[in-house]
Structures are given as structure tokens and as C-alpha cells.
Enquirer: 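The following block contains the structure, expressed as C-alpha cells.
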Amino acid sequence: MPYAPHAIEAKWQEYWSTRKTFRAEVDTSKPKFYVLDMFPYPSSDGLHVGHPKGYVATDAIARYKRMCGVNVLHPMGWDAFGLPAEQHAMRTGQHPRDTTQRNVAQFKRQLRALGLSYDWDRELDTTDPGYVRWTQWIFCKLHEQGLAYEAEVPVNWCPELGTVLANEEVRDGKSDIGGHPVVRLPLKQWMLRITAYAERLLEDLDELDWPEHIKKMQRDWIGRSEGARVLFPVIDHADESIEVFTTRPDTLFGATYMVLAPEHPLVDKVTTPARRDAVKAYLEQTSRKSERVRIVEASAKTGVFTGAYATNPVNDAEIPIWIADYVLISYGTGAIMAVPGHDQRDYEFAKTFGLPIVEVVAGGDISREAFTGEGVNVNSEYLNGLSMPAAKRRMIEQLEADGSGGGAVSYKLRDWLFSRQRYWGEPFPVLHLEDGTTKLVPESDLPVELPELADYKPGSDFQPPLARVASWIETRDPDTGQSARRDPNTMPQWAGSCWYYLRFCDPRNTEAAWSPEAERYWMPVDLYVGGAEHAVLHLLYARFWHKVLYDLGLVSTKEPFQKLLNPGMIQARSYRYFVADGGDGSTTNGRFYASDQVRYDGETPVHRATGEGLRECWVPPDEVRWKDGQPLAPDEETVLEEVTEKMSKSRGNVVNPDDVVAEYGADAMRLYEMFIGPLRKAAPWSTDGIPGVFRFLQRAYRLIVEEVDAEDRARELPPGEGTVAQQRLLARTIDKVTSDLGKLDLNTAISALMVFVRDIEKDGPVPQGVAAAFARLLAPFAPHLAEELWERLGHAESLAYASWPEADPALLVDEEIEIAVQVQGKLRARIHVPAEADEALVREVALNDANVRRHVGDREPRRVIYVPGRLLNLVL
RNA sequence: GCCCAGGUGGCGGAAUUGGUAGACGCGCUAGGUUCAGGACCUAGUUCUCGCAAGGGAGUGCUGGUUCGAUUCCAGUCCUGGGCACCA
């Protein structure tokens, strides 16, 4: 009976599960390896083939490391708080817990079907009260350290989602999830003081083995810049100064006006009575503008004069104080000194409002534009003649001497907005007391659990649903008995994922979040694999929490994730055409348009010729009609545009791993995911490639098993190690697979295994020793078949801990080698010489080659380049 | 606009301390096997000229360095991703 993956896979999954083959225990006598996947949010859609790419890769590494005698921690769990379950609850009234549990069961079934070697005894779920307890406990630690505080801050409110969002969750004025509009408004919220760790979050990136572009994204997000802070006294307000941050203290003599952000606290104080109405009008106008509009209108500068003046501390010049929305309250001090000669934004503003522009750095033409490059200072008294770095240093010294400022560092990173107006998240373990103070819930009372709810809809006036549950909100302080209110907000989804990797070290501990012994043994995570979309969200937040825990002596490493790898997305092809948009999903004229007739006006497609609004339509890949190699739209005329992008329901191109497993088995699915291309690179899924890896598995099976009947049986393989050629092929395969595993080049490792299977029987059947080594090499990639072959070869125990084969170095050296012979840099022959041949011999053999002789003729080579063992180039 | 990554056959990809471009797989072609096959086996498959031996071109494009460039350098185009008034 031919290779039948389903029976084999079911058998070994059952075996691993009942024997707990992959259970991990602390064993200080062995080296450890902690290999972790970013745990998934269990959505109701289940897995698609994109998810397992990283999981299959880490599984191969985990299996390989175990066979190398390393103690491997390889856990999986669920990041199970989250918005979709709550939205589902709003629609159906179903408790998010029930939805979540159903989804988890689905995900787990799908993962198990792939034969991933997780230690399922360590499975965790962030919504489990036994987990929430410790998430809240860590929040308490943060609070005790003064790193959690409540503040009235301008927040990103998303009306559609009914909650606020962190800065990192907003892109282009829209929510990261769903793309809903976001508005700015002031609200009292929980904040985490991540800015206190900005410097260390930046510095410690250096020691991490992470992709450079991810480190760069974090560096850019933290956005450190060096400069100076300068105090500008406000005229007629003896006790007030405007503090600004600047990266260009060398241009201070060119500061001709100041600008406050509209939200700046001094706005009200300094505005003169005559200007009050104008200022008020401007503030109203800007507060109505959404962040998005402000970005779109970035080039058009608006502002209003306050009527007040400040003194430039370096030359006592009186300069006007303006208000403008191009200055952001959330960066630096919310106020700037404007140097229109040397800053493009200030230049545009000065031009718009007719403010003076002074050149203080020579080298540009400030009648045309701001000069932001380096040059020598002019019109700057004691800075004249200095270059930029020297002028900066000199200015900072002067400011310090005068007491009007000094060197300073500023960061773009802002404090982390940590509360959400949702139900399905961790409640804050705090009590708001009658007297207006806030205290933490005692550790012994944790976790604070969510109450049951009849209705999950968000409240009005930015109130979370929990605010409506009086029986839960209203409570008493257990210490003083005074009445107290619980906090109606919950933590963002990031909270649970900030420390799950620590809980995995000791997941069933009821006395502590983790034991120091387990943490010291398993941490740090040696290999962390997951999507690049978390570059500045999860990965920054988790590093922050980890550093706080480190400072408290609760963890032993400065950083949580030593090596990071981002698997490229698995994409899908989809096919697009356009129809006239009649709104409400209808078309107005029934015509089809191909992509070359369409241009984009912002995000809306319009017809090139008529400017008519169009709508995108998609044909699922398996419904496309092909004619003469061209994909056609349903009108059988319009040529479809092929687009490669991530899988999505709306495109109808999502592939479910269940279907692949059902048809070809888990091993073929795993193999294909790895064989499709380099792990780090995105690649389009194509069902056509799977039969190729399936055939490879069939051949591997037949190598060792005779397909005689329903049972089949192992071939009677000759004993021993086989011919020299077979031994060499095996040695080369071991060498290649081993080194590729080390580099995570799993696609080329599989290729080496394919070559082995193709060639090993060329001069006789596989000998037993060679077959046994092959089964072990196959194990990280196709573990079910590998176990089956191992068993058929007569082994009673699983090969999960069998020793990894080693290549005999002597067999890796060939007796005869091929040398490329070039004449004038062009390849003219390939010659074979003994491996130990010297240059003279190679040259002699080369010159005897007929084709080489033809090209050399009777000329004497002017120069001969010999690369030992590889190439000989004759230059005439 | 700025920053980062990447452009190699019909397709996914392999090969970079500069040294035989196209491993492996898909697809395709031919042959074998089979009652038959969308199964299996063998051979071939970058393009192009040639009966062949062999020649020419070729790693987005244009130049440069070199005996030799997919690899290094300069410029340029395209694709994907990130950031976007951060003073």
C-alpha cells in the first residue's frame, strides 16, 4: 500500500501525546534552549496556512536541538483577550469567554494536526484567572514603582471601536485594526511611564541578535535626539518662562519668534486682552480638526499671535509669541523657538505671516528656502566663524553659565496609554477611594475578576461597559472599610503578551508568577519567532516590562528575547477588476474595467478617462477563467490584474491548512511551508507545489518500506554502511542539513534530503545504517514519517531523543575534483583532476583539453590565475 | 518627501571573504511502464545560432573597478515595508 500519511500521522500524534514525549523539565545538568513562537490570538476564522510557517520552523529547530541532547522548552498558548470576541458578544450576547474557548479548541486541534512538538502541559491562556492574577500583580509592581499613573491626556478615541487607542495603534489617523477614524480628545486614563526606560530600551538593542530593520524601527520609534533646552522669559510676566527643546542651539541667534502648541498651559496666561478673541477662535478651529486633517494640511501653516513677547536669552531681543498647530504638545516641551532661516517649517510659517528671517549659518540662500545644512555661523556674536558642532557646544556652555538652559536629550517615545474602555480585558487591580485617593487591591485579593454582563455594548460619554455594573464597581476598601469604586477600564491586549514568555517557564505555579529557579534556567528566550508587525508594539512593551522586572530583581536577564526572527508572510494571488460604483454594492452601467483604465485618487479608484468613481472587485484564484495565458473577468473579456498580497477573506484566497492536511498529510504541509522559500521572505502560496514534496515523502517511504499489502513491511536492507559512494552521499547530506538547520535555511536543507533520496539507491539498496541516519535527518521536517521509518528499521523508542547523526569529515573530501577552466575569463572547459593536484598538474591537464587548446591557440598565456580546487583562468 | 529591504528561467527559488549562474521543486517535452490514468520510472528543459562539435547573449536598467561581477562601487527605474510638521 503506498505511503498513507493519515494513518501514520494519527498514530504518532497519539504516541507523542500519551507519552508526553515533549514534556520539558528543568535539568541543570543539561544545556537548555528556549524556542518560542509569538502566541496567537485565537480568532474565529481558525488558522490559515500563513500562521504555521513560523510554527513549523521553530518546531524543526526544537526537534533538532532535542536530538543534539539539548533540553528544549517549546510551549504554546493563547493571547485570548481581544476585541473580536467582544464585538461578537455585542452582536449575539454570547459571553466572550465561550467564544474564546471555542476558538482556542479549534486552534489547538489545527496545531496538533500539524504534529508540532509543544509541551502542551505548559499551555496557557491570558484570560485564565490564574494568569490574570499575575498580570495584575505585575501592574501592581509597576504602580509601586511609580511607573503607572492616571492622567488627563489627549487620547486617540476611536468612536467605531468605542475605546481609546495607544499611539502605536494609530496609523495615519486611523485605527491599526479595522482602519476606523480616530479623534483626539482629553480623557483621564491609565498611563505607563515607558519613557523612563527610553534610554535603556535604546541602548540594550545593541546586544540583541535581531534583524537590523526591526532594531531600526525601535530606534526610530524611541527617537532620541540631542540638543539643548532653553528658557525664554516672558515679557510682562516676571515669573514665567517658556522652555523649549532644540536640536540646533547653534541657531539661537536666529530665533525670531516663538510658537506654543494650542494645548500649551501658558497660552491662556500670556495672551493679551486685545488678542483673546482671535486666540480663542483659533483654538476652537484647531480642536475641531482631527489629527488626520492636520497631517494632510501639514504644508499649509496656520497660527495666531498672542500679543505677548519673550526675550531671547542670548541677545535680549524681544520676539513675538505665536500659537500654531504645527507645534505638537506631546513632543519636547510643547513649545519651540522658531528659527525660520534654518528650519523649513518655521520658514514656511514666517513667510505666511511676514515674520523676520535671519541668517545665522552661512551656506544657503535664505531668500529662497531655509538652509538646514552645515555651515559656519554668522550674525551670532561669539559663535561667528564656528562650525556646527563647535557652535552647539559653545552655545550650551553659555546657556549653562547664564542659567538659561543647558544640554538636553529628547525622545519621540511617549508614555504608554494603558487603559481601554472594554469589557474583555484584565481589570485594573485598584480601588478609587471616597477621599479621592487610589490604592492597589491587596495581593491576597488578586485576581480582580470580571463581572458577568447582560449587555456588552460600550456606554455613552466614553464610559466602558463595566461602569454600568454597580454591584461590581461599588465595593469597600478591605483595610479601612471606606467605600470605594473599582476602575471601569481594562488593560489593553498587550498586557498579557508582555510577560507570557516568563509564565511559560513555570506555568502552573500558584504561589508566584514564576519561580526564580525556573526563570534562571530557561531565560532568556533563545529564539523568538513571529511577525514583523509587532516591531514597535509587543516587542517594545514586553522589553519595557522585562526591564522593570529586572530592576526589581524578579528576572535575571536584561532582555527577554535574545534572537528574533520574522518569518515572511505567506501571500496569495488574487485577481482584480473594476466596476462603476453605484454605491450600496451595485454597479451603475454593468461595465467592467481593467486596471490599465484606472487610476487612484487617494484610496478611491476612478476611471482614467471619465473620472467616474469605481469599485474594486475580486475573483477568487480557483474561479479565474484563463484564455491564452491571460486571466479573464466574468465578462470573459476584461483582463484581470494579478495582485500578490496577504490572504484575506474579502479576496477569497484564504487557504485552510485543514484542507491541505486532509489531502496530503501534515508532513507534506510542513515540508511545503519550509520548501517554498527562505523563512524570512514573503512568498505566495501555490497549491501546485505540494505534490512535489508529497512525492518526495513517497520516495522516502519506499526507500525503507516494501509496498506489499495493507500493512506493508520493512524491506530487508543490507546491514552495514554501504558503498563508499553511499557513505559520501550520506556524509554530505548530514553536513548540509546540519549547517542549514543552524542557519535556519530550511528550504535548502530539504533540498539536500531530496537529493539524497534521489541518488542513494544508484548503486544498490540503502544499507541499514544509512537508512537509520536518514530517518533522523528527516525528523525535524517530517517527524511523523521519520518516526514511522525509524520504527520499521527496528527501533522500539521514539527518535525524538535519538542522537543527531555526525558526518565523517574524511568522507566529505572528494578524491577527484572538477576545475573550471577559463580562457580570457570565459568558461571553456571543465576538467577532472585528483583532489591533491597542484597548479602545475591542473595547468597541464587544462592545456591538453581540446577546446581550451582551440581558444588558446599557439599563444603563451600572459598570466595564469589559479584558484585552488576551483578554477584556472588563462589570460592571453 | 525621508528611511529600510528586495528585483535571478514559464513559476517558487539556489549560488555572494568576487571564481563553473540557474541546485532542489513545480510546470513543460520525449521515451518507458500500465487496461487506463491527473499514478510511477528515465532523460531533457535560461534564451538564441548550429545536424553536431561548438559559438553568442544572459541575474531590473546605465556605467565603473577587475584576469574574472548575481556578488563590490556610482547613478537610475520598479516592487514591498516603515516613518511622516518630532523642533
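The figures here come from the full heavy-atom set of this structure, side chains too, leaving out hydrogens, waters and symmetry mates. Proteins come first, then strands; the chains are lettered A, B, ... in the order of their sequence lines, and each starts at number 1.
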Enquirer: Mind checking the C1' distance from rC72(B) to rU16(B)? Whole angstroms is fine.
Expert: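 To the nearest whole Å, 10 Å.
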Enquirer: Taking only the side-chain heavy atoms of His855(A) (C-beta and beyond), determine which of rG55(B), rC26(B), rA87(B) contains the nearest atom.
Expert: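 Taking heavy atoms from C-beta onward, the closest nucleotide is rG55(B).
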Enquirer: Rounding to a whole Å, what distance do you find between Lys215(A):NZ and rC4(B):C1'?
Expert: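 To the nearest whole Å, that distance equals 15 Å.
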Enquirer: Can you tell me which nucleotide in rC85(B), rU20(B), rA14(B) comes closest to the side chain of Pro678(A)?
Expert: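 So the nucleotide nearest the side chain must be rA14(B).
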Enquirer: Considering just the side-chain nitrogens and oxygens of Lys826(A), establish if one lies under 4.0 Å of OP1 or OP2 belonging to rA57(B).
Expert: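 Answer is yes, contact under 4.0 Å.
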Enquirer: Assign Gln344(A) to base, sugar-phosphate, or nothing according to its heavy-atom contacts below 4.0 angstrom with the strands shown.
Expert: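 The residue Gln344(A) makes no contact with any strand.
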Enquirer: Would you indicate what Asp346(A) reaches in the nucleic acid, counting non-hydrogen atoms under 4.0 angstrom: base, sugar-phosphate, or nothing?
Expert: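 Nothing: the residue Asp346(A), judged by heavy atoms under 4.0 Å, touches no strand.
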Enquirer: Between rG54(B), rA87(B), rC24(B), which nucleotide has the shortest distance from any of its atoms to the side chain of Arg854(A)?
Expert: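 For the Arg854(A) side chain, the nearest candidate turns out to be rG54(B).
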Enquirer: Could you check how far CZ of Arg414(A) sits from P of rA87(B), rounded to whole Å?
Expert: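 My rounded result for the distance is 11 Å.
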Enquirer: For Arg828(A), answer base if it contacts any base atom (sugar-phosphate contacts may also be present), sugar-phosphate if it contacts only those atoms, and nothing otherwise; contact means non-hydrogen atoms under 4.0 Å.
Expert: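 Here Arg828(A) touches the backbone only, sparing every base.
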Enquirer: Is Ser686(A) touching bases, backbone alone, or none of the nucleic acid, heavy atoms closer than 4.0 Å?
Expert: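 It contacts nothing in the nucleic acid.
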Enquirer: Does any donor-acceptor pair link the side chain of Asn873(A) with the base of rC67(B) at a separation under 3.5 Å?
Expert: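 Flag set: donor-acceptor pair detected.
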Enquirer: Can any side-chain N or O of Lys646(A) pair as donor or acceptor with the backbone N or O of Ala572(A) at less than 3.5 Å?
Expert: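 No: the side chain of Lys646(A) does not pair with the backbone of Ala572(A).
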Enquirer: Check this for me, if you would: do Glu860(A) and Arg862(A) make a salt bridge, where the nitrogen-to-carboxylate-oxygen distance has to be below 4.0 angstrom?
Expert: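 Not counted as a salt bridge, because no side-chain N and carboxylate O are separated by less than 4.0 Å.
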Enquirer: How many whole angstroms separate atom CG of Asp688(A) from atom C1' of rC28(B)?
Expert: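 That distance rounds to 13 Å.
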Enquirer: For Arg830(A) and rG19(B), what is the distance between atoms CZ and C1' respectively, to the nearest whole Å?
Expert: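 Between C1' of rG19(B) and CZ of Arg830(A): 13 Å.
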Enquirer: Ignoring backbone atoms, establish whether Arg219(A) has a side-chain N or O less than 4.0 Å from OP1 or OP2 of rC3(B).
Expert: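 No, Arg219(A) has no side-chain N/O under 4.0 Å of OP1/OP2 on rC3(B).
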Enquirer: Heavy atoms under 4.0 Å, any strand shown: does Ile336(A) hit a base, just sugar-phosphate, or nothing?
Expert: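 Touches a base.
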Enquirer: With nearest nucleotides of RNA chain B determined for Ala820(A) and Leu413(A) from heavy-atom distances, which residue corresponds to the more 5′ nucleotide?
Expert: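 Of the two residues, Ala820(A) wins.
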Enquirer: Side chain of Val327(A), heavy atoms from C-beta onward: which of rG54(B), rG19(B), rA87(B) has the nearest atom to it?
Expert: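 Nearest listed nucleotide: rA87(B).
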Enquirer: Tell me whether the NZ or CZ atom of Lys301(A) lies within the 45° cone about the ring axis of Phe349(A) and under 6.0 Å from its centre.
Expert: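 Geometry flag: not set, cation outside 6.0 Å or 45°.
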Enquirer: Counting distance alone, no hydrogens or angles: does the base of rC85(B) have a donor or acceptor under 3.5 Å from a partner atom on the side chain of Lys301(A)?
Expert: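 Per atom types, the contact qualifies.
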Enquirer: Heavy-atom nearest nucleotide on RNA chain B for Arg758(A) versus Lys681(A): which residue maps closer to 5'?
Expert: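 It is Lys681(A), whose closest nucleotide lies nearer the 5' terminus.
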Enquirer: How far does the P atom of rC41(B) sit from the matching atom of rC78(B), given to the nearest Å?
Expert: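 About 47 Å, rounded to a whole number of Å.
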Enquirer: Touch check for Arg699(A), heavy atoms < 4.0 angstrom, all strands: base, sugar-phosphate only, or nothing?
Expert: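 Touches sugar-phosphate only.
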Enquirer: Hey, does Lys216(A) reach any base, or is it just sugar-phosphate, or nothing, if we go heavy atoms under 4.0 Å?
Expert: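 The residue Lys216(A) makes sugar-phosphate contact but no base contact.
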Enquirer: Taking the chi torsion of rG25(B), is it syn (within 90° of 0) or anti (everything else)?
Expert: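 With its glycosidic angle more than 90° from zero, rG25(B) counts as anti.
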Enquirer: On a whole-Å scale, what distance lies between the P atoms belonging to rG7(B) and rU17(B)?
Expert: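 16 Å, rounded to whole Å.
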Enquirer: At under 4.0 Å between heavy atoms, what does Arg229(A) touch on the DNA or RNA strands: base, sugar-phosphate, or nothing?
Expert: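 It contacts nothing in the nucleic acid.
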Enquirer: Measuring only the P atom in each nucleotide, how far is rC73(B) from rC4(B)? A whole number of Å is fine.
Expert: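 Roughly 14 Å separates the two P atoms.
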Enquirer: Take atom CD of Glu226(A) and atom C1' of rA87(B), then tell me their distance rounded to the nearest Å.
Expert: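 Result: 15 Å.
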Enquirer: For a quick check, tell me whether the side chain of Gln822(A) and the base of rU20(B) share a donor-acceptor pair closer than 3.5 Å.
Expert: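 Check fails, no donor-acceptor contact within cut-off.
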Enquirer: Is Asp206(A) salt-bridged to Arg219(A), cutoff N-O under 4.0 Å?
Expert: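 So Asp206(A) pairs with Arg219(A) through a salt bridge.
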Enquirer: Regarding Ala535(A), tell me which of base, sugar-phosphate or nothing describes its non-hydrogen contacts under 4.0 Å with the strands shown.
Expert: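 No contact.
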Enquirer: Rounded to whole Å, how long is the line connecting atom NZ of Lys736(A) with atom P of rA14(B)?
Expert: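 To the nearest whole Å, that distance equals 10 Å.
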Enquirer: Would you call Lys351(A) and Glu348(A) a salt bridge, using N to O less than 4.0 angstrom?
Expert: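 Not counted as a salt bridge, because no side-chain N and carboxylate O are separated by less than 4.0 Å.
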Enquirer: Do Phe694(A) and Tyr3(A) make the cut of ring centroids closer than 6.0 angstrom?
Expert: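 Between Phe694(A) and Tyr3(A), the centre distance is under 6.0 Å.
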Enquirer: What contact category does Arg862(A) fall into here, base, sugar-phosphate, or nothing, at under 4.0 angstrom with non-hydrogen atoms?
Expert: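 It contacts nothing in the nucleic acid.
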Enquirer: Quick one: do Val49(A) and Glu673(A) satisfy side-chain contact (heavy atoms from CB on, under 4.5 Å)? Show the steps, please.
Expert: CA-CA 8 Å; Val49(A) 292; Glu673(A) 293 247 343; 3.6 Å; yes
Enquirer: Please give, in whole Å, the distance from rA87(B) P to Met258(A) CE?
Expert: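 Going from Met258(A) (CE) to rA87(B) (P), I get 16 Å.
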Enquirer: So Ser330(A), base contact, sugar-phosphate only, or nothing? Heavy-atom distance under 4.0 Å.
Expert: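 Answer is nothing: Ser330(A) stays at 4.0 Å or more from every strand.
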Enquirer: Across the strands shown, which category fits Val867(A) at heavy-atom distances under 4.0 angstrom: base, sugar-phosphate, nothing?
Expert: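 Counting heavy atoms under 4.0 Å across all strands, the contact made by Val867(A) includes a base.
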